[in-house]
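What follows is one structure encoded as structure tokens, with my remarks underneath.
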Amino acid sequence: MLPPLVLLVACAMSVAVSFAEFAPRLIAWQRQHGRHGLPWQVDDPYKVWVSEIMLQQTQVSTVLGYYPAFLQRFPDVATLAAAPLDDVLAAWSGLGYYSRARNLHRAAGQVMNEFAGRFPDSQDALMTLCGVGRSTAAAIAAFAFARRAAILDGNVKRVLTRCYGIEGWPGDKAIENQLWTLAEQLLPDSVAHMAAYTQGLMDLGSLLCVRGQPRCGECPMADGCVARAQGRQRALPTARPRKAQPLRSTVMLLARNAAGEVWLQRRPDSGVWGGLWSLPELADIGEAPHWLAAAGWTAAPLTPPWPTVQHVFTHFRLDITPQPVQVRATAGAGPADGRWWTQEAALALGLPAPVRRLLDTRQDSLW
DNA sequence: AACACGGGGCG
DNA sequence: CGCCCAGTGTT
């Protein structure tokens, strides 16, 4: 472990890879360590386009299992456009996200009808095709037409946010705009290496700069990576903000009889705390008199509730208002699914964590 | 079980 | 125009 001062100095001195340096480093790395010989790394916009659509949300290794047969069945855009949609869907079978296949078929028709069977060669024109957004259009433009267009997919976002220490969720418009601007600033000056550069970005993001365990030791940007200098690889890109969990609230009835026992009832087998013994729950304190009457109990006037406690689940928060009530129970009375328990016996049961806390002896002073 | 993901759809 | 979704794989 380095002493704090050394870390501080290291942070202060670390400088991100300069914009001018980024592309040359990436291109050199791609030449030596990137992917080569993929079946879509050819000079044919149709083949590039099909691969880019398949590669949306699908890994290279998976696409490799489907691409050759698809290309054999639909060797060019005219064949694809003329084929029945069902044939296209059949060839797509197993790749998932079938809207991509429908869009592919529609876009083939667009190329035939609106572009006379020749793929448009600009990012903007490519974006008019169904299923082709800004990033996919840039990839096709770069690979097939050596256009100076910036891609920005999930892999690239990871590389850029880490290398340049960009904080904030990339789904935010402001952050995404910032990333697009950066992606364009990093493009190589010359159009000559656009394919290697674009492939390099994809490869770096999917081979080294991965989400879980980035292999920084092999990364060409390592010495100029802000995230690495600060040990924040895992913190970038910033995760989507957890949408505020829905807040539910409930009243838990702490009913005690003359013997000091507490009333518990078994919860339904399904749902939260399935099958556990727990306290009776009411949606509102105002229901308490009716609930007690239905139970066949004579109760003392309600005292003020205990302070609300909050319990956090993975998908929601639950505010629990504990309402104590002293009852004079008659034998056999009470809801059918419950019974009286001594405190000791109750605490030996499987209880929801907040219920256990409420029954704990430390709460005795509240009674 | 939660998170991630490019483009489309919807309000 | 901005927010959220569908559908699937990964962690």
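Letters A, B, ... mirror the listed sequences (proteins, then strands); counts begin at 1. All values below come from the heavy atoms of this structure, side chains included, with hydrogens, waters and symmetry mates left out. It should be emphasised that the depicted structure is a prediction, and the values quoted were computed from it without experimental measurement.
Here B:dG7 presents its P atom at 12 Å from CG of A:Leu126, a figure rounded to the nearest Å. We find that CG of A:Leu55 is positioned 12 Å from P of B:dG7, with the value rounded to whole Å. Atom NZ in A:Lys173 sits about 9 Å away from atom C1' in C:dC1, given to the nearest Å. Between the CG atom of A:Asp172 and the C1' atom of C:dC3 there is a distance of 11 Å, rounded to whole Å. Atom P of nucleotide B:dA4 and atom CD of A:Gln59 are separated by 16 Å, given to the nearest angstrom. Counting to the nearest Å, the P atom of B:dG6 and the CG atom of A:Leu201 are 13 Å from each other. Look at NZ on A:Lys157: it is 8 Å from C1' on B:dG6, rounded to the nearest Å. Regarding A:Trp180, its CH2 atom lies at a distance of 10 Å from the P atom of B:dG6, rounded to whole Å.
If you check C:dG7, C:dG2, B:dA4 against the side chain of A:Arg211, the one that comes closest is B:dA4. Taking the side chain of A:Gln57 as heavy atoms from C-beta on, and the options B:dG8, B:dA4, C:dG7, the nearest nucleotide is C:dG7. Side-chain atoms of A:Asp153 lie closest to B:dG6 of the nucleotides C:dT8, B:dG8, B:dG6. The listed nucleotides are C:dG2, B:dG7, C:dT8; the one nearest the side chain of A:Gln56 is B:dG7.
At least one donor-acceptor pair closer than 3.5 Å links the side chain of A:Arg356 to the backbone N or O of A:Leu347.
Nucleotides of DNA chain B nearest to A:Pro237 and A:Ala137 differ in position, and the one nearer the 5' end is that of A:Pro237. Summary of the strand contacts: A:Leu95 and A:Gly212 both lie near DNA chain C, and taking for each the nucleotide with the nearest heavy atom, the more 5' one is attributed to A:Leu95. When each of A:Asn103 and A:Tyr97 is assigned the nucleotide of DNA chain B bearing its nearest heavy atom, the one mapping closer to the 5' terminus is A:Tyr97. Nearest-nucleotide positions on DNA chain C for A:Tyr98 and A:Arg234 put A:Tyr98 closer to the 5' end.
One finds no side-chain N or O of A:Arg100 lying less than 4.0 angstrom from the OP1 or OP2 phosphate oxygen of B:dG6. Dashed line: the shortest gap from a side-chain N or O of A:Thr136 to OP1 or OP2 of B:dG7 is under 4.0 Å.
Taking the six-membered ring for Trp, A:Trp291 and A:Trp263 have ring centres at least 6.0 Å apart.
Spacing between C:dC1 and B:dG6 at atom P, rounded to whole Å, works out to 22 Å.
There is no side-chain donor-acceptor pair under 3.5 Å between A:Arg100 and A:Asn103.
Ring geometry, A:Phe22 versus A:Tyr164: the interplanar angle falls from 30° to 60°, so the pair is classed tilted.
A:Arg158 comes within contact range of the sugar-phosphate backbone alone, with a heavy-atom separation under 4.0 Å but no base atom that close. Among the atoms of the strands shown, only primed sugar atoms or phosphate atoms (P, OP1, OP2) are found under 4.0 Å from some heavy atom of A:Gly96.
Under a cutoff of 6.0 Å and an axis angle of 45°, A:Arg25 and A:Trp29 do not form a cation-pi pair.
By the 4.5 Å heavy-atom criterion applied to side chains, A:Met127 and A:Arg134 are counted as neighbours.
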